[in-house]
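What follows is a short report on a single structure.
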Amino acid sequence: MTQSTPPARRHWLMKTEPTAFSIDDLARAQRSTWDGVRNYQARNLMRDAMRAGDRVFIYHSNTDPAGIAGIGEVVAEAHADPSQFDKMSPYFDPKSTPGAPRWQCVDVGYVRHLPRLVTLAELKAEPRLCDMVVVQRGSRLSVQPVTPEAWRLVLAMVGVGVEDA
DNA sequence: GCCAACGTTGGC
DNA sequence: GCCAACGTTGGC
């Protein structure tokens with residue numbers, strides 16, 4: 001009898017501008033299609049590496065202070081981003097067709113808020129997080145992998161148990 | 001609002 | 001395939 005272990009749950013960080021879509025919005029909606037990502041590296045991560053059940057730090061960018069606000073879960077794996085076909089959408093891509101969609105996205109479900117925002121300044125001040133993508137100078141990638149160590153450490157900084165995330 | 005860093009486009 | 005110009009991101 002062959003038995004396969006399920007693939008380990010992976011961890012990610014996804015940026016969002018809270019004026020457009022915040023962790024509060026995600027909490028209200030409970031789940032959301034993560035549309036509008038128009039960067040090939042981020043798309044490839046969503047398409048090739050993100051799996052249902054993976055956990056995501058929801059990061060508020062372009063706000064003061066920026067930081068990790070909460071936790072989401074991948075609830076649907078990559079599918080064509082509907083906004084690329086919507087002429088009314090700011091994310092409309094005239095070069096994309098339903099037969100050959102250029103952009104993909106996942107759906108993200110709400111898991112929880114963190115007890116408080118973990119600011120970018122705090123992340124930068126923690127030497128053990130110096131390899132996190134989000135703290136790198138000029139880092140713009142809006143979908144990023146997070147190591148298990150970094151995941152645990154950030155949770156520890158706000159007193160959230162790994163089992164509660 | 002500024003501007004450095006980055007990704008994409010397009011001329012050659 | 002190079003690279004200058006351009007548009008965007010996102011911290012500050």
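Each chain gets a letter, A, B and so on, in the order the sequences are listed, and its residues count up from 1.
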Would you check if A:Asp54 and A:Glu73 make a side-chain contact, meaning some heavy-atom pair closer than 4.5 Å? no
A:Glu149 (side chain) donor-acceptor with A:Arg128 (main chain) under 3.5 angstrom: no
5'-most contact on DNA chain B (nearest-nucleotide basis), A:Arg140 vs A:Arg102, goes to A:Arg140
Taking C:dG11, B:dC6, B:dT9 as options, the one with an atom nearest any side-chain atom of A:Lys95 is B:dT9
Value in whole Å for how far the P atom of C:dG10 lies from CE of A:Met14: 13 Å
Can you check the A:Lys124 NZ to C:dG11 P distance for me, whole Å? 8 Å
Could you give the CG-to-P distance, from A:Leu141 to C:dT9, as a whole number of Å? 13 Å
Just how far, in rounded Å, is P of C:dG10 from CG of A:Leu120? 11 Å
Nucleotide of B:dA4, C:dG11, C:dG10 approaching A:Arg137 most closely (side-chain heavy atoms): B:dA4
Rounded interatomic separation in angstrom, taking CG from A:Leu123 and C1' from C:dC12: 16 Å
Write down the distance between CG (A:Asp93) and P (C:dG7), rounded to a whole number of angstrom. 17 Å
Give the nucleotide from the list C:dG11, C:dG7, B:dT8 with an atom nearest to the side chain of A:Asn62. C:dG11
Under-4.0 Å side-chain N/O to phosphate OP1/OP2 contact, A:Lys15 with C:dT9: no
Could you give the OH-to-P distance, from A:Tyr40 to B:dT9, as a whole number of Å? 6 Å
Under 3.5 Å: donor-acceptor pair, side chain of A:Gln84, backbone of A:Asp81: yes
Which whole-number value in Å describes the distance from A:Gln41 CD to C:dT9 C1'? 14 Å
Hey, are the side chains of A:Ile23 and A:His60 touching, using non-hydrogen atoms and a 4.5 Å cut-off? yes
